[in-house]
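Here is the structure we will look at.
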There are 2 protein chains.
Amino acid sequence: MVKMSDVAKRANVSTATVSRVLSKEGYVSEETRNKVLEAIDILGYTPNRLASNFRKSSSHTVLAIIPDITNPFFSEVVKGLEKVAAERGYHVLLGDTGNSLHVERDLMELVREQVADGVILATARVTNEEIEKLGRGLPIVVACEYFDGISIPTVSIDNVVAAREATQYLIDCGHRRIAFISGRFNIVLNRDRIRGYRQALEYNGLHVHEGLIQEGDWTMESGMNAMSRILAMDQLPTAVFAASDEMAVGALKSLKAKGLRVPDDMSVMGFDDISLSEMVEPELSTVQQPKRELGELAIRMLLNIIEGKKLERTQVILSHRLVIRGSTAPPRSAHEGGR
Amino acid sequence: MVKMSDVAKRANVSTATVSRVLSKEGYVSEETRNKVLEAIDILGYTPNRLASNFRKSSSHTVLAIIPDITNPFFSEVVKGLEKVAAERGYHVLLGDTGNSLHVERDLMELVREQVADGVILATARVTNEEIEKLGRGLPIVVACEYFDGISIPTVSIDNVVAAREATQYLIDCGHRRIAFISGRFNIVLNRDRIRGYRQALEYNGLHVHEGLIQEGDWTMESGMNAMSRILAMDQLPTAVFAASDEMAVGALKSLKAKGLRVPDDMSVMGFDDISLSEMVEPELSTVQQPKRELGELAIRMLLNIIEGKKLERTQVILSHRLVIRGSTAPPRSAHEGGR
DNA sequence: ACTGTCCCTGTAATCGATTACATCTACGAA
DNA sequence: TTCGTAGATGTAATCGATTACAGGGACAGT
C-alpha cells in the first residue's frame, strides 16, 4: 500500500506538507500543492483512514441500535439516519438487536471502544437508569421513545397523546368496546401507547377490559394471532386499535379470514402510517409518525453533540397526525339506531 | 481514558503481558493473568479498538451496499448479513445508495481506505468490468445478482429461470396476454427477470408486446402506477407478472380501484415472497427467494475471503420456488370455455 | 536598520495496541 | 554436570497520519 511518506518522498516534501494539502488546513503554496497532488495521482495514493481515525481518535462512525431492521418503521428511521450521516461525512454502523437486551448492551460497548463516536438508540430495552449511566460522557440520543425527565436527549412523538387521540376518535365514532393489539409490554413506547388508550377509555367513563389488550410483537403475523384471540371471546369489540400498522394489517387478515367486514363489522386503527397502510383493502386509518424526520433529527442532534455543539433542546417531541382512511367507521349498532 | 500502559503499571507488568492476557495468545502464568485482570477491573479499562484495528490493519467491519433499506427484500438480506457478521465478530456498515451510482462508487472507496475489510454489493449499478477492477485484491461479494463469467464471487438465485417458470405457470393457466411490471431497466437482476419473461413467451410462440412491459422502481406506488398505465390500454392482458411483491401489491391496489377482481378479471404474480404477500387480499402468488440465506451465505463467503480461506464455489445459485396462492387463476375466457 | 507578521515548510513526537526479539528461569534428559 | 527446551516476561519497534513547534524568508511599517 502506498503511504503518505511515499507521496512525500516523490514530491520532495515532508509528510506534514502532504497532510496539509489533503486536509486543506494550514499554508501550502500553489506550486507545492500541485507537486503533491501530482505525486498522489501518479502513485495512486489513498489515505489510510484507520490511521487517521486512530490519531484523531474519532471513527466518524455512529452506531444505530435498532430492534429489527425488517420492521418498515425502523427501516424508514434508519434511512433518515443514513442520509444525514452521509451528508455530514459520517458512517452508520448497523446494530440489529433482534430485540435482545443482551445484544443491546454488547453493542453499547462499541462506543466505549471507540469503534463508534456515538449511538442512536431506537426503542431501548435497557432501563432508564442504565441509559443514563452509559450516557454519561458518551454521545447518545434515544430515538422514537420518550423517557420522562431523563438527561439523555430524546426525539420522539408523544405516544401517550397520539394513542389517546386515536382511541378518542374511535369513541367519538360511537365505539364503546375497543380492543388493543399491543407490542411487547416491556417496550416503553408501547407502554405509552397503552397508557394513552387507557386514558381515553377512562376519560369517557368506559371500562378497560384487560382481556381486550392482547400482546403482539409488531409483526403482521402476531397481529393476526392477537386478532384471532380477540375474536374467540364471548363478547366482541366493535373496534381494534393496533400499536403498529403491521399488526393492524395482520388483524385485517384475521378478520377477513373469519368473514368479518372492515369497517362494517369491525373498525381497525393502526399506528405509524407506513406505506403499506394505503395499499391494503380497506386503507388503514392510522396515526402518522414523521419517520424520516425522527431519524434525521436524532442523528443531527447526535452529531452536534459529537462535534461539541450545544443543543437548543434535548427532549424533542415531533408532531403526529391522525390519518383517517377506510378502515374505521361508526359501529353497525350506531347505524342501526343503537342508543 | 485508561490505556493499556496504565493497566500494565498497576499490575506491575509490561504492556506486552497485558496484551497477551487480553488476546489469550502466548504464555502467561495464572498468577500474572489474575493480577492483570484485577487491574483491568479496578481501572475500568476498555481496549481502544481504533488503535488495535490500526495496528492490525483490519477494521473487522464489512460494508453492505444496498440500493434501499426500506425495501423489505433488502431488509431481510441485511438482517441475514448482520446476524452472521455479529456471530463472527464483525460489524456491518450500512451503505444505502438511494439507487445512485455515484454514491455506490463513493462507498466502494471505503474499502480502499481500510474503513471496511470487505464489501457486500447488493444489486450493483456499476458495470461488470468496474466491479472486476475494484474487486482485484479487495474482498467483495455480489449478492442477489448473477454476472455471467465474472471473477467476483456472487450469491443469487437464477432470476432468468425463476421468471421464466413464473411466466410459464401463467401460460399454463391459459393466459396468452401477460403484462410485466419491471423494476428499473438498468438493474441486472431485473433485466434477468425480463429475459425469463420473454423466453417463456417466445418458447410458447406468444408475441412479446413491448407496451405490456412497464417500468417501475420496486415501490408499491410505482407498481400501482405501472398497473394503471397497463389498464389504460386498448387491449387488456389477463395476467400481470411483477418483478417484486411490493409492485404486485401496488398493482393489486390499482386493480381494485378500477373495480377489477383478482384473480377473476386479472391474475397477479409477484416476486420475492416478502411477508406482506400473505397478508393482502387475495394472497399473492409469487416466486420465493431465500432472502436471509442469500445474506447469510454472501457474508460467509466474504468473511472467508477476508480471513484468507478458500472458497469451494465462487458463483452460488440458491434455489427459488414458485408459491401459488390466491392471486392467480385461469383467465375468465378459459372458464367460459375459451379454447 | 529593526521589528513584527504572514507564509511556507520541515522535524519529530504522538496516538495505543501489537509483536518480533531478547532474556531469564526451571526442569528433564543425557 | 551440561544442554535443550518450554514457559514467562520485558524491551522497543512498529503501524500511518496528524500536529505542536521551530525556523526561515519576504515584506511592510516605523
Side-chain angles (χ1 to χ4, degrees), chain A residues 1-40 43-61 89 109-117 307, chain B residues 1-40 43-61 89 109-117 307:
Chain A
M1 260 296 67
V2 183
K3 52 181 137 169
M4 191 177 271
S5 57
D6 299 327
V7 174
K9 200 174 295 171
R10 170 112 202 176
N12 277 315
V13 295
S14 69
T15 59
T17 301
V18 177
S19 180
R20 277 188 284 256
V21 170
L22 259 355
S23 69
K24 299 186 169 74
E25 286 186 5
Y27 298 107
V28 183
S29 73
E30 191 57 27
E31 195 192 336
T32 311
R33 175 192 314 285
N34 289 335
K35 269 196 308 183
V36 170
L37 291 177
E38 197 187 356
I40 287 175
L43 298 174
Y45 167 73
T46 320
N48 182 329
R49 201 86 82 177
L50 235 40
S52 168
N53 286 346
F54 165 54
R55 173 62 221 241
K56 298 202 282 197
S57 71
S58 134
S59 59
H60 261 232
T61 298
E109 268 304 293
L110 295 182
V111 186
R112 208 174 294 285
E113 292 174 357
Q114 313 230 25
V115 172
D117 295 343
E307 292 171 357
Chain B
M1 257 303 64
V2 182
K3 52 179 135 168
M4 191 176 270
S5 57
D6 297 328
V7 174
K9 199 174 297 171
R10 171 109 201 178
N12 277 315
V13 296
S14 69
T15 60
T17 300
V18 177
S19 180
R20 278 187 284 256
V21 169
L22 260 355
S23 69
K24 302 186 168 71
E25 288 186 4
Y27 297 110
V28 182
S29 72
E30 191 56 28
E31 195 192 336
T32 310
R33 176 192 314 287
N34 289 334
K35 269 198 306 184
V36 170
L37 291 177
E38 197 187 357
I40 286 175
L43 298 174
Y45 166 72
T46 321
N48 182 329
R49 202 85 84 176
L50 276 186
S52 169
N53 287 346
F54 165 55
R55 173 61 221 244
K56 299 202 282 197
S57 72
S58 134
S59 59
H60 260 232
T61 299
E109 268 304 292
L110 294 182
V111 186
R112 207 174 295 285
E113 292 175 356
Q114 314 230 24
V115 172
D117 295 343
E307 292 172 356

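Within every chain, numbering begins at 1; the chains are lettered A, B, ... in the order of the sequence lines, protein sequences first and strands thereafter.
A search for side-chain hydrogen bond (donor to acceptor under 3.5 Å, both in side chains) contacts involving A:E307 returns A:R88, A:Y90, A:K309, not counting sequence neighbours. Listed by chain and residue number, nothing satisfies the salt bridge (charged side-chain N to carboxylate O under 4.0 Å, His left out) test with B:R55 (two or more places apart in sequence, or in another chain). Qualifying salt bridge (charged side-chain N to carboxylate O under 4.0 Å, His left out) partners for B:E31, counting only residues two or more places apart in sequence or in other chains: none. Take A:S59 and apply the side-chain hydrogen bond (donor to acceptor under 3.5 Å, both in side chains) test, not counting sequence neighbours, and it matches A:D117. Shown here are the side-chain contact (heavy atoms from CB on, under 4.5 Å) partners of B:E25, two or more places apart in sequence or in another chain: B:S23. Residues satisfying the side-chain contact (heavy atoms from CB on, under 4.5 Å) criterion with A:S57, sequence neighbours excluded, are A:Q114.
Electrostatic pairing of A:R112 and A:E109 counts as a salt bridge here, judged by a charged N lying under 4.0 Å from a carboxylate O.
When the C1' atoms of four end pairs are superposed on the next four at each end of the helix from C:dA1-D:dT30 to C:dA30-D:dT1, using five pairs per end, the two resulting axes differ in direction by 50°, to 10°.
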For residues 10-21 of chain A, which side-chain N or O atoms pair as donor and acceptor with protein atoms under 3.5 Å away, sequence neighbours left out?
unit_1, atom_1, unit_2, atom_2, d
A:S14, OG, A:A16, N, 3.4
A:S14, OG, A:T17, N, 3.4
A:S14, OG, A:T17, OG1, 3.4

If you look only at distance, which donor and acceptor atoms sit under 3.5 Å apart when one is on a side chain in residues 43-50 of chain A and the other is two or more places apart or in another chain?
unit_1, atom_1, unit_2, atom_2, d
A:N48, OD1, A:L50, N, 2.8
A:N48, OD1, A:A51, N, 3.1
A:R49, NE, B:E113, OE1, 2.9
A:R49, NH2, B:E113, OE1, 2.5
A:R49, NH2, B:E113, OE2, 3.1

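Along DNA chain C, the nucleotide nearest to A:S29 and the one nearest to B:K56 differ in position, and the one closer to the 5' end is contacted by A:S29.
Protein chain A touches strand DNA chain C; the 5'-most and 3'-most nucleotides with an atom under 4.0 angstrom of its non-hydrogen atoms are C:dC7 to C:dG16.
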Listing time: all N or O pairs from protein to nucleotides 4-7 of chain D that are below 3.5 Å?
unit_1, atom_1, unit_2, atom_2, d
D:dG7, OP2, B:Y27, OH, 2.3

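Within the 3.5 Å criterion, the main-chain N or O of B:G89 finds a donor-acceptor partner in the side chain of B:H60.
When all heavy atoms of A:T61 and A:V115 are compared, the pair lying nearest together is CB-O, 3.8 Å.
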Step-by-step side-chain contact (heavy atoms from CB on, under 4.5 Å) determination, B:I40 to B:L22: CA-CA 10 Å; B:I40 286 175; B:L22 260 355; 3.8 Å; yes
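Sorted by residue number, the members of residues 7-26 of chain A with any non-hydrogen atom under 4.0 Å from DNA chain D read A:T15, A:A16, A:S19.
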